[in-house]
Amino acid sequence: MPLNTEAAKRIQEVLANNIVFSPLPPPETVAGLDVAYSGDLAYGVAVVVQLSTLQVIDIACAIVKSVVPYIPTFLAFRELTPMLRAYIKLRVKPDVILVDGHGIAHPRKFGIASHIGVVLKKPTVGVAKSRLYGEEQRDVVTDPLTGEVIAKVVRCGGKKYVSVGSYITLEDAVKLVEKLCINKDVYPLRLAHNMSQKLKQKKPHVFDQWGEAPVSSEECT
DNA sequence: GCGACAG
DNA sequence: ATCTTGTCGC
C-alpha cells in the first residue's frame, strides 16, 4: 500500500499542536520501542526497565504485516502500528517511553516519538542515530527557520540525536538518555533492538483476520 | 532543477 | 531497515 503523503502531512501538522513541553516527574520505569523487518512482516517490541535496578520488568511484542513503505519524514505511518501493538500488550506501563527515531526534530515538528506521545498521552523521547532535519553545530541542533533548539547530540557509542517527543523537556530528555547510556548504547533501546532481531528469526506465525499474529510475552524472548 | 532524506 | 564476512585498529 502506498501512502497519501499530502493527507499524512496534514495529520502531522494538526497533531503537532497537541505536543506538550513539560518537566518529567522523576520516572521509575522506562520503556524502549523498536521494530525489525523481514519480508512483509514487521516485528514490534516494547521493553520496560526499572530505572533503579536496570532490571527488565515487562516485555511485549507484536508481529504485523508491513504495508506502508518508508518515506523520509513519514516513518510513523510505517512503524506506529507495530510499536503500539506491542505497547498495548504491556502489563506494566512505563513512566516514559524512548523511541527509535526523532521527536520534534522533524520538518513539521512531528516525528514518530511525538506521534506516539500525543496518541498515548504519555511522555516520550526521540532517540535517532542520524539527523533528519535542522542545523547541527557542536552538540545542538536548531531549526533553521526559527533558531529554536530542537535536539541535542548525546555521545553514546556514536552520536545520538535526542529530541522531545511530548510531555517532557529537552533537558529532562537528555538527562534520561545520558543516565541510560550503557556500554555505548541507550540500554532500553538496545534491548528492544536485540529482541526484535531475535524474534524475526523464529518460526513462522499464524495470522488472524486483522493481520496480526498472537505472540505471548515469553515468545518474545 | 539540485541536494537531503529518522528507520 | 535489509542484503552480508572478514578484517583493520585501539
Side-chain angles (χ1 to χ4, degrees), chain A residues 1-3 5-6 8-9 11-13 15-16 19 31-47 61-87 97-119 124-137 140-145 150-166 170 173-174 177 183-186 188-202:
Chain A
M1 273 294 276
L3 174 67
T5 57
E6 282 314 309
K9 188 175 299 182
I11 289 175
Q12 295 179 319
E13 296 171 338
L15 294 183
I19 293 175
L33 267 44
D34 195 20
V35 182
Y37 297 86
S38 183
D40 64 341
L41 298 183
Y43 302 76
V45 171
V47 182
C61 56
I63 303 178
V64 302
K65 291 186 177 178
S66 178
V67 290
V68 181
Y70 165 67
I71 298 176
T73 75
F74 296 107
L75 175 65
F77 294 87
R78 172 177 172 75
E79 306 197 328
L80 205 60
T81 296
M83 282 187 178
L84 291 183
R85 278 310 215 171
Y87 180 83
I97 303 170
L98 264 39
V99 182
D100 229 307
H102 293 287
I104 66 168
H106 176 280
R108 291 172 290 284
K109 317 179 68 58
F110 205 66
I112 189 169
S114 295
H115 206 135
I116 290 179
V118 168
V119 170
T124 54
V125 176
V127 181
K129 305 173 196 62
S130 60
R131 185 187 57 75
L132 167 67
Y133 175 77
E135 185 174 283
E136 181 179 347
Q137 300 179 318
V140 301
V141 178
T142 59
D143 184 325
L145 301 179
I150 55 178
K152 280 201 172 181
V153 179
V154 172
R155 312 281 167 162
C156 177
K159 294 181 179 179
K160 304 295 183 186
Y161 295 80
V162 179
S163 59
V164 169
S166 194
L170 180 56
V174 169
V177 172
N183 293 325
K184 299 182 177 182
D185 268 306
V186 180
L189 289 176
R190 172 82 264 170
L191 290 178
H193 186 270
N194 289 336
M195 297 189 66
S196 61
Q197 290 295 320
K198 277 289 187 181
L199 181 60
K200 74 177 187 182
Q201 291 177 39
K202 293 192 150 189

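Quick note on labels: first sequence line is chain A, next is B, and so on, each numbered from 1.
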- Heavy atoms under 4.0 Å is the rule here; annotate nucleotides 1-7 of chain B 5' to 3' with B where the base is hit, S where only the sugar-phosphate is, and - elsewhere. ----BBB

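- Within the structure, the side chain to side chain donor-acceptor pair (under 3.5 Å) test picks out the following pairs touching residues 63-73 of chain A (sequence neighbours left out): A:Ser66-A:Arg78, A:Thr73-A:Arg108.
- First and last contacting nucleotides of DNA chain C toward chain A (any atom under 4.0 angstrom from a heavy atom, 5' to 3' order): C:dA1 to C:dT2.
- A:Lys160 places no side-chain N or O within donor-acceptor distance of the main-chain N or O of A:Val127, the cut-off being under 3.5 Å.
- Screening A:Lys9, A:Gln12, A:Glu13 against A:Phe110 for a side-chain contact (heavy atoms from CB on, under 4.5 Å) leaves a single residue, A:Gln12.
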- Message: Pairs counted only when both distances fall under 3.5 Å, Watson-Crick or G-U: show me the 5' to 3' dot-bracket for DNA chain B, [ ] for pseudoknotted crossings and | for other-strand partners.
- Response: .......

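- Between the side chain of A:Thr124 and the backbone N or O of A:Ser166 there is at least one donor-acceptor pair closer than 3.5 Å.
- For the contact set between residues 190-197 of chain A and DNA chain C, defined by any heavy atom under 4.0 Å, the members are A:His193, A:Gln197.
- By the 4.5 Å heavy-atom criterion applied to side chains, A:Val174 and A:Val154 are counted as neighbours.
- Between the side chain of A:Ser163 and the backbone N or O of A:Gly103 there is at least one donor-acceptor pair closer than 3.5 Å.
- The residue from A:Leu75, A:Leu132, A:Val162, A:Ile150 that alone fulfils the side-chain contact (heavy atoms from CB on, under 4.5 Å) condition with A:His102 is A:Leu132.
- The shortest distance between side-chain heavy atoms of A:Asp100 and A:Leu33 does not fall below 4.5 Å.
- Side-chain contact between A:Tyr87 and A:Ile116 is absent, with no heavy-atom pair separated by less than 4.5 Å.
- Side-chain contact between A:Ile112 and A:Met83 is present, with at least one heavy-atom pair separated by less than 4.5 Å.
- The residue A:Lys200 sits close only to the backbone: its heavy atoms come under 4.0 Å of sugar-phosphate atoms, none of a base.
- A:Tyr133 places none of its side-chain heavy atoms less than 4.5 Å from the side chain of A:Val141.
- Two residues are said to be in side-chain contact when any heavy atoms from C-beta on lie closer than 4.5 Å; A:Phe74 and A:Pro69 fail this criterion.
- Between A:Ser114 and A:Ile104 there is a side-chain heavy-atom pair separated by less than 4.5 Å.
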- Query: According to the Watson-Crick and G-U wobble definition with distances under 3.5 Å, which dot-bracket string, read 5' to 3', encodes DNA chain C, using [ ] for crossing pairs and | for pairs with another strand?
  - Reply: ..........

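- Atom CG of A:Asp40 sits in a crowded spot, with more than 12 heavy atoms from other residues, nucleotides or ligands closer than 6.0 Å.
- The local environment of NZ in A:Lys200 is crowded, with over 12 non-hydrogen atoms from other residues, nucleotides or ligands closer than 6.0 Å.
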